[in-house]
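Written out below as structure tokens is the structure these notes cover.
Fair warning: this is a prediction, and the values are worked out from it, not measured in the lab.
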Amino acid sequence: MRVALVQLTTGRDLEANLDLVRAGIREAAARHSSVVVFPEASMRAFGNPLVDVAEPLDGPWATAVRAAADEAGVVVVVGMFTPGEPGTVRNTLLVHGRGIDAHYDKIHLYDAFGFKESETVTAGTEPRRFTLDGVTFGLATCYDVRFPALFTANAAAGAQVQIVCASWGAGPGKAEQWDLLVRARAADTTSYVLACGQSDPSAAGVEARRGAPTGIGRSAVVGPYGKLIERAGDGPEILYADIDPESVDEARRILPVLANRVSL
């Protein structure tokens, strides 16, 4: 199964961001991708107001993404914002295409490194997964990658591939932490990890809000032993990879960390 990770930088304008998503879908579909993954906050970049653009899963922005996915015949995973508790949003991944319609609300909110996501975002409560052509994908968003239990829960429920959509905050040591964490979550769960982040705004020629987690690039495809397969640079680009679920089965026979784990 071919997957595509569309690393891009979004801004304030929803229609412009939608055009970027549509273009990414078309290009990935032309390269015979089955699953096309976009970053967290593809609807609107962090550092901008979110409550005023949050919409239900059947709202106009999500409906336009669904139409693009259906036209291309692919499954799209894309970060958007849906209404949360009064005055807040939910940080949502929309999943749509080829008969699949699902979503995941980010569970672990980014209250770290001076940012306070919980002031504007209502946390999700449940892991979510979807299955395409017999391959099960677990879903996670950005800060979730620091919490192995979510990935283990997805793998224990059958996920062979873990998708991480992110808008990673820049700063000293942050790139190294991202690289380490996406590989660790693959090795923890003998799963593929597809980690798609926002590109660095400066590399994309976009002005970013100072202090907001607006992306560093470095999207990655990691194999089930934690080996890096593909990595992006800091600017906009699309990564492609062919994933083989049989390699996950083999890894789990040879390295049965899921079967060997003990509740403490």
**Complete:** Residue pairs passing the ring-ring contact (aromatic ring centres under 6.0 Å, His included) test with at least one member in residues 163-182, sequence neighbours excluded, are W168-W178
**Request:** Assess the side chains of Q198 and T214: does a donor N or O sit below 3.5 Å from an acceptor N or O?
**Result:** no
**Request:** Just jot down the side-chain contact (heavy atoms from CB on, under 4.5 Å) partners of V51, sequence neighbours excluded, or say none.
**Result:** V89
**Request:** Please tell me if the side chains of F130 and L139 come closer than 4.5 Å, counting only heavy atoms from C-beta onward.
**Result:** yes
**Message:** Considering only residues two or more places apart or on different chains, which pairs with a residue in residues 226-264 satisfy ring-ring contact (aromatic ring centres under 6.0 Å, His included)?
**Reply:** none
**Prompt:** Do the non-hydrogen side-chain atoms of L57 and M80 ever get within less than 4.5 Å of each other?
**Reply:** yes
**Message:** Tell me every residue that passes ring-ring contact (aromatic ring centres under 6.0 Å, His included) with Y192, counting only those two or more places apart in sequence or in another chain.
**Reply:** none
**Message:** Among residues at least two apart in sequence or on other chains, which ones pass ring-ring contact (aromatic ring centres under 6.0 Å, His included) with F81?
**Reply:** F46
Please table the atom pairs, donor to acceptor, closer than 3.5 Å between any side-chain atom in residues 219-236 and protein atoms at least two apart or in another chain.
unit_1: S219; atom_1: OG; unit_2: Q7; atom_2: OE1; d: 2.7
unit_1: S219; atom_1: OG; unit_2: G197; atom_2: N; d: 2.8
unit_1: R231; atom_1: NH2; unit_2: D179; atom_2: OD1; d: 3.3

**Request:** For K116, check salt bridge (charged side-chain N to carboxylate O under 4.0 Å, His left out) against everything at least two apart and list the hits.
**Result:** D111
**Request:** Kindly state each residue pair satisfying salt bridge (charged side-chain N to carboxylate O under 4.0 Å, His left out) with at least one member in residues 240-261, sequence neighbours excluded.
**Result:** R2-D242
**Co-membership, hydrophobic cluster, residues V135 and L239, 4.5 Å side-chain** = yes
**Item:** side-chain contact (heavy atoms from CB on, under 4.5 Å) partners of R12, counting only residues at least two apart
**Value:** R44, N48, P49
**Request:** Go through the side-chain N and O atoms of S199 and T9 and say whether any donor and acceptor fall under 3.5 Å apart.
**Result:** yes
**Message:** Checking P60 now: which residues fulfil side-chain contact (heavy atoms from CB on, under 4.5 Å) with it, not counting sequence neighbours?
**Reply:** E55
**Message:** Show every side chain to side chain donor-acceptor pair (under 3.5 Å) that has at least one partner inside residues 84-94, sequence neighbours left out.
**Reply:** E40-N91, T82-T92, T88-T122, N91-E117, T92-D105
**Item:** Pairing residues for H108 by the ring-ring contact (aromatic ring centres under 6.0 Å, His included) criterion, not counting sequence neighbours
**Value:** F147
